[in-house]
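These notes are about the structure you will find just below.
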There are 2 protein chains.
Amino acid sequence: MLTKKSKYAIKALVALARHYETEGPLRIAEIAESEKIPTKFLEAILLELRKHGILGSKKGVNGGYYLLKDPKDVVLSSVIRITGGPIALIPCVSLNFYERCEECTNEVTCALREIALKVRDASLEILSNTSIWDLVQREKKLAKVKIKKSSKK
Amino acid sequence: MLTKKSKYAIKALVALARHYETEGPLRIAEIAESEKIPTKFLEAILLELRKHGILGSKKGVNGGYYLLKDPKDVVLSSVIRITGGPIALIPCVSLNFYERCEECTNEVTCALREIALKVRDASLEILSNTSIWDLVQREKKLAKVKIKKSSKK
DNA sequence: ACAAAGTCTATCAATTTAGTATAGATTGCA
DNA sequence: TGCAATCTATACTAAATTGATAGACTTTGT
C-alpha cells in the first residue's frame, strides 16, 4: 500500500511538472494549498526529494521549489522508494530494503520468495516505466474525456 | 508489503497441504512449532481461515485443523485478502477494500489511479494463479536442487 | 534591516500490527 | 460421568509505523 507520504510526493511533483519550463519556483504553501497537503508535512517531503537530487530550491522572496530533472526522467518507482520505502511484498526480495527472512530457515527453499520476486518484478516493470510526465499527460487526456462526456448531456 | 499474519497463514496452509489426504488433522500447537509461529497468534489466523471456508476443525483429542478445499484451489490472493487486507497500492483501486480517494477531487481524472490499477492487475494475475499446492511443489523442487548442489562439492 | 521564503530538529498523536491472557465450549475416551 | 485435550471467543497490551505539528534558525532580495 502506498503511504500518504508517497502519494503527496507524487502529487507535488505533478504540480511542479505542470510548471516545468514555464515559470519560476513554486512555494511550498502554494503546492500545499492546491494539492490539499498539510504544509508542514509537505515541507519534509520536498526536502527529502531535494536531498535525492530530484528538486532544487531557492530561499527568500520569490523562492520555492522546482524540478531539477526533466519530468520524463522522474519515475514513480524512485519517488516511492525515496518517500515510502519498499515496493516488494517481503523484505528478502526487496532490491533497496533487503533483509534476510527471519522465518525462512533456508532462503533458497522459500517457495513464497519466488512468487514475491515475480510480483515485485511485475510491479517494478510498471512503476519504473511511468514518469511524472506520463501522469501529467494522462491527467490532460482524462480531463478532455470528462469534458466531452459532460457536453454530450 | 505482506503482513506477518499473511505470511504465517500461507506457511500454515502449506504445512496442512503437505498432510492433505495422508493423515488426520494437525494440531495448532504442532503447526506453530514446526513453522515457528506464536501459538496464540496462529490460533486466531486458523480460525479466520476456517470462517472463510478454507479450513475445517475438530475439537478434543486427536482434533486439529485440516484443509476443506483442495490445495490446488486455495490461491494466494484469497489468503492474503482474508488475512492481510488489500493487494492494491491505493484503496480506490482495491477490489475488496474499496474506498473513495480523499485526495482525488475527481476519481476519473486521477492519473495515479490508472497506474495503480495496472499494478494491481499485474500482481493479482500472479497471486491468483499461484496455489498452496504450487508452493508445496516448488518447495520440493528447490529442496532437490539444494541436495544436488551440496553433493557436487 | 526586515520580511519572505526554505531548513532543521524534536516531538506528539493516531493507527496498525503483533502478540498475550483468560475463560469458555466441544469432543472422545476411560 | 468426568476429565483431559483441543479448538473458540473476547478482551487487552505492547511495539512499530505513519501522519502531522511546533518552533527556532538560515538564507535571500529589496
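A, B, ... follow the sequence lines: proteins, then strands. Residue 1 opens every chain.
In this structure, A/Leu49 places its CG atom 11 Å from P of C/dT7, rounding to the nearest Å. Taking atom CD of A/Glu30 as the reference point, atom C1' of C/dA4 lies 13 Å away to the nearest angstrom. The distance between atom NZ of B/Lys4 and atom C1' of C/dT16, rounded to the nearest whole Å, is 14 Å. As a whole-Å value, the separation of A/Glu48 CD from C/dG6 C1' is 16 Å. Atom CG of A/Leu42 is separated from atom C1' of D/dG19 by 13 Å (rounded to the nearest Å). Computed from coordinates, the B/Ile45 CD1 to C/dT20 C1' distance equals 14 Å when rounded to whole Å. Between B/Phe41 atom CZ and C/dA21 atom C1' the separation is 15 Å, expressed in whole Å. Distance, B/Lys36 NZ to C/dG19 P: 15 Å, rounded to whole Å.
Distance CG/B/Leu112 to CG/A/Leu135: 5.5 Å, rounded to 0.5 Å. With rounding to the nearest 0.5 angstrom, the CG atom of A/Leu2 is 6.5 Å from the CD1 atom of B/Ile90.
Between B/Arg18 and B/Glu30 there is no salt bridge, since none of the side-chain N atoms of the basic residue sits less than 4.0 Å from a carboxylate O of the acidic one.
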Between N or O atoms, less than 3.5 Å apart, protein on one side and nucleotides 4-8 of chain D on the other: list the pairs.
{"from": "D/dT6", "atom 1": "OP1", "to": "B/Arg27", "atom 2": "NE", "distance (Å)": "3.2"}
{"from": "D/dT6", "atom 1": "O4'", "to": "B/Gly60", "atom 2": "O", "distance (Å)": "3.3"}
{"from": "D/dC7", "atom 1": "OP1", "to": "B/Ile28", "atom 2": "N", "distance (Å)": "3.0"}
{"from": "D/dC7", "atom 1": "O3'", "to": "B/Ser57", "atom 2": "OG", "distance (Å)": "3.4"}
{"from": "D/dT8", "atom 1": "OP1", "to": "B/Arg50", "atom 2": "NE", "distance (Å)": "3.3"}
{"from": "D/dT8", "atom 1": "OP1", "to": "B/Arg50", "atom 2": "NH1", "distance (Å)": "3.2"}
{"from": "D/dT8", "atom 1": "OP1", "to": "B/Ser57", "atom 2": "OG", "distance (Å)": "2.9"}
{"from": "D/dT8", "atom 1": "OP2", "to": "B/Tyr65", "atom 2": "OH", "distance (Å)": "2.1"}

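Partners of B/Glu125 according to the salt bridge (Lys or Arg N to Asp or Glu O under 4.0 Å) rule, which considers only residues two or more places apart in sequence or in another chain, do not exist here.
Annotation for A/Asp73: atom CG counts as buried by contact number, over 12 foreign heavy atoms lying within 6.0 Å.
Residues B/Lys51 and B/Glu48 are not in side-chain contact: their nearest non-hydrogen atoms beyond the backbone lie 4.5 Å or more apart.
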